[in-house]
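Let me begin by presenting the structure, written as structure tokens, before commenting on it.
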Amino acid sequence: MMSDSYSLADKIIRKTDELKSKRVNFEKLWQEISELVLPRKADFTVKQEPGAKRTRKLYETTAVNAAEILAAGLHGLMTNPSGKWFSLSVPKYQNVPEISDWVVSAEQVIADEIGRACAGFATNIHEVYLDLAVLGTAGLYVGWNEENESLLFQSRFPGELFLEENAAGQVDRVYRVFKMSLDQIVQTWGHNVLPEKMLSDFETGNQTEREYEIIHAVTPNVLYKKGDVFQKPVSSVYVLKEERTVLFSGGFEEMPLFVTRWSKACTEIYGRSPAATVLPDIKMIQEMMKETIIAAQLANRPPLLVRDDDQFAPAATVPGGIIRYTGEAPKAFVSGANSGVGLEIMNEIRTRIKTAFYNDQLISTENVQMTATEVLQRTEEKMRLLGPVFGRLQTELLGPMMLRIFGLLVRHGKMILPEGISFGDVKVEYVSPLSLAQKHLQARAVMQTLELAEEFLKIQPEAASVFNGPEAIRKIGEMYGVSSSLFNTCDERKENDGER
């Protein structure tokens, strides 16, 4: 048994070291970007001490603020917990009243559990969006909090995550490298898993502030077969690296750790961010601001020109100060630099940075009188520009996350599936403002068709039979995020028609 554990630990350690060596260039890029856009996470190639000043390279904060606005915008447009951003349906039983009632209650249960303070969804999903905007790669863990009997959301620092893709280009193997103290290891897995030397230190109280490196490997379980009650689809192994010891080996019913990318090259695994795209402008404006500050200092407190043989006391360049001199009076040096030109260029660069972070789409800066219809159309157009981003997030983050949440709530008795329905029968749709903006074009096309048909119907009213009115109304309602509970089923409509 020990040899099996050792070989498994050795295999995971070798794989992690291999992935580390392949990620060196990305770590250098992330370090450079973080120092200029997200200083509190600049811990990739340089380990910062707790409480250390992290803004030494910052002379202005346009990119910092732009990234925060993008992250907040994504949170508000995609997963705002104060509004409905997802809906459930069971297509196989769409017209069954009992199933429709269950769908409504299930949506409320999921929304309530996600919104619980102890789950930490709002704060951690914001960190995910911020990592995406700045680094282009973000990780989110979804588990279960046994103490509070609730969901547990935790964002994962991209510097800890080492990734592998499957043949379809999906991240299905994640190796997380992090550190824990001896006390934390014992609290998590007990003292029986400790190697002899660490166990002796723990029992004798000979513990230091030292932290031990741990690797958490989350990979598909190659031994799993559908219906196997002794194996889990996803393997989970914790390895104590220095001692090459397996601390824990288990599994999950679903992938618990989701990694999403903003955009990526086909030959790369890790993502590219808006910050990476506009990095030259970010570096340029920092240098220009530095020079502008120097120019302002020279203008406000210029060097003094004095003759070499004049006697001159230290210059008292404060208001009301006295300068003592012998000979010719000192003169201020005038460099002739035009700081106004630099300010114009910097404003242009700031605009490019904000545009790269979609700030022009998320914040309206135009003071133009518009009708309510024009405002709605402008808003939809802006949101559609974020469509490609939403598509990737839906595939890599939101879809798998909702499947994981659904499974956890069912297994822990928070939600009961109706008889005859399985996980695969339940469909999740997204009805956030960003998602609905993608569907409004189709809804508008239906409305325009009806409007254009109105003149023909005046001539030939019987032509209205070409339209399926109830279904058209239901479909338009779905496109605008109206709850299905507000619509009658086919059976209910037949009953109402019979009563008439």
Side-chain angles (χ1 to χ4, degrees), residues 74-126 128-129 140-154 253-254 256 258 390 393-394 397-439 473-492:
L74 290 174
H75 184 38
L77 291 173
M78 294 178 59
T79 52
N80 188 350
S82 64
K84 184 176 180 179
W85 56 271
F86 70 90
S87 65
L88 304 179
S89 64
V90 185
K92 283 172 57 177
Y93 303 97
Q94 185 173 357
N95 297 319
V96 179
E98 294 80 5
I99 301 300
S100 298
D101 293 341
W102 175 84
V103 165
V104 174
S105 63
E107 288 177 354
Q108 191 60 51
V109 168
I110 295 175
D112 290 344
E113 290 297 324
I114 289 176
R116 290 181 64 180
C118 53
F121 176 75
T123 54
N124 284 280
I125 199 67
H126 175 75
V128 169
Y129 292 140
L140 178 69
Y141 171 81
V142 181
W144 189 256
N145 187 329
E146 296 289 349
E147 182 178 350
N148 296 311
E149 284 293 308
S150 69
L151 295 169
L152 177 64
F153 297 90
Q154 294 178 327
E253 293 290 345
E254 307 91 12
F258 314 110
F390 176 71
L393 286 175
Q394 182 175 323
L397 177 64
L398 298 182
M401 181 187 77
M402 291 302 295
L403 179 64
R404 172 70 172 160
I405 291 171
F406 196 81
L408 285 170
L409 294 179
V410 169
R411 287 192 295 274
H412 288 86
K414 296 282 186 175
M415 194 164 57
I416 300 174
L417 282 171
E419 188 176 352
I421 290 182
S422 64
F423 285 179
D425 295 328
V426 181
K427 181 182 178 183
V428 180
E429 293 184 348
Y430 301 97
V431 292
S432 64
L434 185 57
S435 176
L436 291 178
Q438 315 303 314
K439 302 176 182 179
I473 295 173
R474 178 186 292 275
K475 185 61 66 175
I476 292 173
E478 290 176 358
M479 293 172 187
Y480 280 94
V482 179
S483 174
S484 59
S485 62
L486 298 179
F487 297 106
N488 288 329
T489 64
C490 291
D491 294 337
E492 290 170 337

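Computed from a predicted model, the values in this text were never measured in an experiment.
Summarising the geometry, atom CG belonging to Leu151 is positioned 9.0 Å from atom CD1 belonging to Ile110; distances are rounded to the nearest 0.5 Å. Annotation: the span from Arg116 atom CZ to Leu152 atom CG amounts to 11.5 Å, rounded to 0.5 Å. Leu408 CG to Glu254 CD: the interatomic distance, rounded to the nearest 0.5 Å, is 6.0 Å. The distance from the CE atom of Met78 to the CG atom of Leu398 is 4.5 Å, given to the nearest 0.5 Å. In this structure, Phe86 CZ and Met402 CE are separated by 4.5 Å, a value rounded to the nearest 0.5 Å. Note that CZ of Phe406 and CZ of Arg411 are 11.0 Å apart. Values are rounded to the nearest 0.5 Å.
At a threshold of 4.5 Å between non-hydrogen side-chain atoms, the residues Trp85 and Asn80 do not count as touching. For the pair Leu393 and Tyr129, the minimum side-chain heavy-atom distance is below 4.5 Å. Tyr93 is not listed as a side-chain neighbour of Val103, based on a closest heavy-atom distance of 4.5 Å or more. A 4.5 Å side-chain heavy-atom check between Asn145 and Phe153 finds every atom pair outside the cut-off. A heavy-atom distance below 4.5 Å is found between the side chains of Asp112 and Gln108. At least one side-chain heavy atom of Ile125 sits under 4.5 Å from a side-chain heavy atom of Leu397. Val142 is listed as a side-chain neighbour of Phe258, based on a closest heavy-atom distance under 4.5 Å.
Counting only distance, with no hydrogens or angles, the side chain of Glu107 and the backbone of Leu88 share a donor-acceptor pair below 3.5 Å. Here the side chain of Lys84 pairs no donor or acceptor atom with the backbone of Ala111 at under 3.5 angstrom. Side chain of Tyr430 to main chain of Thr79: no donor-acceptor pair is present (N/O by atom type, distance under 3.5 Å, no hydrogens or angles). Judged by distance alone, with hydrogens and angles left aside, the side-chain atoms of Asn148 form no donor-acceptor pair with the main-chain N or O of Cys118 at under 3.5 Å.
Between Arg404 and Gly143, the shortest heavy-atom distance links the atoms NH2-CA, 4.0 Å. When all heavy atoms of Glu113 and Ser150 are compared, the closest pair comes out as OE1-CA, 4.3 Å.
Around CD of Glu146, the count of heavy atoms belonging to other residues, nucleotides or ligands within 6.0 Å exceeds 12.
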Please tabulate, for the side chains in residues 415-422, all donor-acceptor contacts under 3.5 angstrom to protein atoms that are two or more places apart in sequence or on a different chain.
residue, atom, partner, partner atom, Å
Ser422, OG, Asp425, OD2, 3.4

